[in-house]
2 protein chains.
Amino acid sequence: MTHRLSDELICPVYRLQNIIGGKWKIIILYELSTQTRRFNELQRSIPGISKGILTQQLRELEADHMIHREVYKEVPPKVEYSLTTLAQSFIPIIQSMDEWGRKYLES
Amino acid sequence: MTHRLSDELICPVYRLQNIIGGKWKIIILYELSTQTRRFNELQRSIPGISKGILTQQLRELEADHMIHREVYKEVPPKVEYSLTTLAQSFIPIIQSMDEWGRKYLES
DNA sequence: CCGGATCCGTTTTGATACTG
DNA sequence: CAGTATCAAAACGGATCCGG
């Protein structure tokens with residue numbers, strides 16, 4: 001997401017949309033909320049996401065200080081993703097979204 | 001959003017993403033949370049959104065039973081959008097997102 | 001084999017003009 | 001006023017390639 005919503009906006013919801021607005025970002029944060037994960041592990045846990053877009057959304061979340069990327073200099077490569085404290089403070093909201101979904105969404 | 005995430009997924013967060021995943025949907029719900037609005041009024045309250053995409057996202061939210069579209073048969077035309085009770089039950093989550101943004105997002 | 005980067009096609013969103 | 005139509009741009013998806 002290179003394009004961002006207007007900056008001159010008062011409402012925090014607009015700024016938040018710039019952070020979690022990507023198609024998979026809430027899901028990525030949700031998956032990382034229980035445990036640190038490696039790249040391929042994370043991809044397998046999110047059915048339907050492609051490598052390319054996973055990389056991109058992870059980089060954007062990192063730029064927004066929501067995740068931490070830890071690179072281990074090994075062969076084969078090992079990269080672990082985890083939530084920052086900022087993102088951890090957002091997890092309760094994702095949990096309430098999850099609960100709302102359980103309660104109100106059937107299909 | 002014609003393309004939807006995999007249906008075979010357990011997690012409600014995935015299904016929720018299909019509903020609120022559009023770029024402007026959370027913002028639309030936020031704007032409608034305080035009052036019923038007409039189309040142009042709604043567009044003016046959301047800087048940066050175009051008519052075309054506003055129409056589309058409103059139609060998708062309507063299909064997901066999140067908003068109600070009331071057409072008055074007048075000249076000039078008058079259409080009012082409001083939240084359904086389903087969407088109203090989701091508003092507390094958007095409010096906590098708003099609070100989170102106020103607390104943690106500076107820029 | 002792991003974690004990407006790159007290229008390219010499809011989907012979603014944006015901007016503007018036009019209509020009943 | 002509340003859209004629709006059209007075309008352009010941006011985001012996303014799939015496949016392949018690559019260094020370590």
Side-chain angles (χ1 to χ4, degrees), chain A residues 1-9 14 17-28 31-32 36-64 67-82, chain B residues 1-9 14 17-29 31-32 35-64 67-82:
Chain A
M1 194 195 301
T2 46
H3 178 257
R4 301 223 149 190
L5 306 181
S6 173
D7 280 347
E8 354 150 13
L9 296 164
Y14 286 73
Q17 180 66 13
N18 285 330
I19 296 179
I20 57 151
K23 183 164 178 178
W24 300 95
K25 288 182 181 175
I26 290 177
I27 293 171
I28 291 169
E31 290 298 333
L32 290 179
T36 294
R37 287 188 194 269
R38 298 179 61 177
F39 184 87
N40 279 348
E41 194 182 357
L42 192 51
Q43 193 192 0
R44 280 192 299 272
S45 74
I46 305 177
I49 198 171
S50 69
K51 283 165 168 278
I53 214 64
L54 176 56
T55 300
Q56 181 200 305
Q57 308 240 324
L58 284 169
R59 291 287 148 78
E60 289 177 3
L61 284 169
E62 190 187 6
D64 287 326
I67 61 175
H68 174 69
R69 178 168 176 267
E70 183 78 31
V71 182
Y72 297 85
K73 293 179 181 171
E74 304 173 0
V75 175
K78 175 179 173 184
V79 180
E80 283 189 342
Y81 292 92
S82 58
Chain B
M1 193 196 301
T2 45
H3 179 257
R4 301 221 150 191
L5 306 182
S6 173
D7 280 346
E8 357 150 10
L9 296 164
Y14 285 73
Q17 180 65 11
N18 285 329
I19 295 179
I20 57 150
K23 185 163 178 178
W24 300 94
K25 288 182 181 175
I26 290 177
I27 292 171
I28 290 169
L29 295 174
E31 290 298 333
L32 290 178
Q35 56 189 304
T36 293
R37 286 187 196 271
R38 299 177 60 173
F39 185 88
N40 279 349
E41 193 182 358
L42 192 52
Q43 193 191 1
R44 279 192 300 271
S45 75
I46 304 177
I49 197 171
S50 68
K51 285 167 170 283
I53 211 62
L54 177 56
T55 299
Q56 181 201 304
Q57 308 240 323
L58 285 170
R59 293 286 146 78
E60 289 177 3
L61 284 168
E62 189 187 6
D64 286 326
I67 62 175
H68 173 69
R69 179 168 176 267
E70 183 79 32
V71 183
Y72 297 85
K73 293 178 181 172
E74 305 173 0
V75 175
K78 175 180 174 183
V79 179
E80 283 188 342
Y81 292 91
S82 58

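These numbers come from the heavy atoms of this one structure, side chains and all, not from hydrogens, waters or symmetry mates. Proteins get letters first, then strands, A, B, ... in listed order; numbering begins at 1 in each. None of the values given here were measured: they were computed from a predicted structure.
For the residue pair B:Leu61 and B:Ile19, the shortest heavy atom distance occurs at CD2-O, 3.9 Å. When all heavy atoms of A:Lys23 and B:Gln17 are compared, the closest pair comes out as O-NE2, 2.7 Å.
Remark: B:Tyr81 is in phosphate contact with D:dG3, judged by side-chain N or O atoms under 4.0 Å from OP1 or OP2. Within the 4.0 Å cut-off from OP1 or OP2 of C:dT12, not a single side-chain nitrogen or oxygen of B:Trp24 is found. Residue B:Arg4 places no side-chain N or O under 4.0 Å from the OP1 or OP2 atom of C:dT11. A close approach under 4.0 Å does occur between a side-chain nitrogen or oxygen of B:Gln56 and OP1 or OP2 of C:dT13. The side chain of B:Gln57 contributes an N or O atom lying less than 4.0 Å from OP1 or OP2 of C:dT13. Put simply, B:Gln43 has no side-chain N or O that comes within less than 4.0 Å of OP1 or OP2 on D:dA2. For A:Arg38, no side-chain nitrogen or oxygen approaches OP1 or OP2 of C:dC2 to under 4.0 Å.
Taking the side chain of A:Val75 as heavy atoms from C-beta on, and the options C:dG3, D:dG20, D:dA2, the nearest nucleotide is D:dG20. Set against C:dG4, C:dG14, D:dG3, the side chain of B:Phe39 has D:dG3 as its closest nucleotide. With distances taken from any side-chain atom of A:Pro76 to the nucleotides C:dA5, C:dT13, D:dG20, the minimum falls on D:dG20. Distances were taken from every side-chain heavy atom of B:Lys23 (C-beta onward) to each of D:dA2, D:dG20, C:dG14; the shortest belongs to C:dG14. Of the listed nucleotides (D:dG14, D:dG19, C:dG4), D:dG14 has the atom at the smallest distance from the side chain of A:Ser50. The side chain of B:Asn40 lies closest to D:dA2 when the candidates are D:dA2, C:dA5, D:dG13. For B:Arg59, counting side-chain heavy atoms from C-beta on, the closest listed nucleotide (D:dG3, C:dT13, C:dA15) is D:dG3.
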| Pair B:Leu54-B:Trp24, side-chain contact (heavy atoms from CB on, under 4.5 Å): steps then yes or no | CA-CA 8 Å; B:Leu54 177 56; B:Trp24 300 94; over 6 Å; no

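Note that CD1 of A:Ile67 is 8.5 Å distant from CZ of A:Arg59, once rounded to the nearest 0.5 Å. One distance of note links CD of B:Glu31 with CD of B:Glu41; it measures 10.0 Å at 0.5 Å rounding.
Comparing A:Pro77 and A:Lys51 by the nucleotide of DNA chain D that holds the closest heavy atom to each, the one mapping nearer the 5' end is A:Lys51.
Using a 4.0 Å heavy-atom cutoff across all strands shown, B:Tyr72 reaches no nucleic acid atom at all.
Remark: C1' of D:dA8 and CD1 of B:Ile53 are 14 Å apart, rounded to the nearest angstrom. Distance, B:Leu58 CG to C:dT13 P: 13 Å, rounded to whole Å.
You won't find any donor-acceptor pair under 3.5 Å spanning the side chain of A:Lys78 and the base of C:dG3, going by distance alone.
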